Amino acid sequence: MDDADTKGGQGLPAWAGEGAGLYRNKKNGKLYVLLSKAVDCTNERDGLPVVVYCPRDDPAFVSVREEREFLAKFDPA
C-alpha cells in the first residue's frame with residue numbers, strides 16, 4: 001500500500017470503515033487490519049456480531065470472524 005491508499009497513519013486501507021484498527025495475532029505475531037464490524041445475517045446466526053479483517057500485508061485476503069473470537073485471538077497493535 002502506498003500513502004495515497006492509506007488513512008490514519010497506521011497503514012489502514014483508505015476504504016476501511018469507521019472503527020477500523022490495527023491488531024496483532026496473539027499466536028503468530030502478524031499484523032491484521034480490522035476493516036469493519038458487521039452483523040451475520042445467516043438464518044442460524046442472525047444478529048451475531050462479526051468483524052471483517054485482512055492481513056496488513058495482503059489486503060485482498062479478506063476474512064470474517066465472530067467478534068468475540070476475534071477479540072480473544074487478537075490484541076490492538
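Everything numeric in this text was worked out from a predicted model, so none of it was measured. Scope of the values below: all heavy atoms of this structure, side chains included, with no hydrogens, waters or symmetry mates.
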Asks: Distance-only criterion, 3.5 Å: show the donor-acceptor pairs between side-chain atoms of residues 69-77 and protein atoms not counting sequence neighbours.
Replies:
from, atom 1, to, atom 2, distance (Å)
E69, OE2, R65, NH1, 2.4

Asks: Can you give me the closest heavy-atom contact between P59 and V62, atom names plus distance?
Replies: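 The pair with the smallest heavy-atom distance is O-CG2, 3.5 Å.
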Asks: Check this for me: K27, atom NZ, are more than 12 non-hydrogen atoms of other residues, nucleotides or ligands nearer than 6.0 Å?
Replies: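 Atom NZ in K27 is not crowded, with 12 or fewer foreign heavy atoms closer than 6.0 Å.
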Asks: Can you name the closest pair of heavy atoms from V39 and V50 and give their distance?
Replies: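 Distance-wise, the nearest heavy atoms are N-CG2, 4.1 Å.
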Asks: Do Y53 and S63 touch side chain to side chain, with heavy atoms closer than 4.5 Å?
Replies: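 Result yes, sub-4.5 Å side-chain heavy-atom pair found.
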Asks: Answer yes if L22 and V52 sit in the same cluster of Ile, Leu, Val, Met, Phe, Trp and Tyr residues linked by side chain heavy atoms under 4.5 Å apart, and no otherwise.
Replies: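 Yes.
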Asks: When you measure from the side chain of R56 to the backbone N and O of V33, does any donor-acceptor pair fall under 3.5 Å?
Replies: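 No.
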Asks: Locate the shortest heavy-atom distance separating A20 from L35; write the atom from each residue and the value.
Replies: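 That would be CB-O, 3.9 Å.
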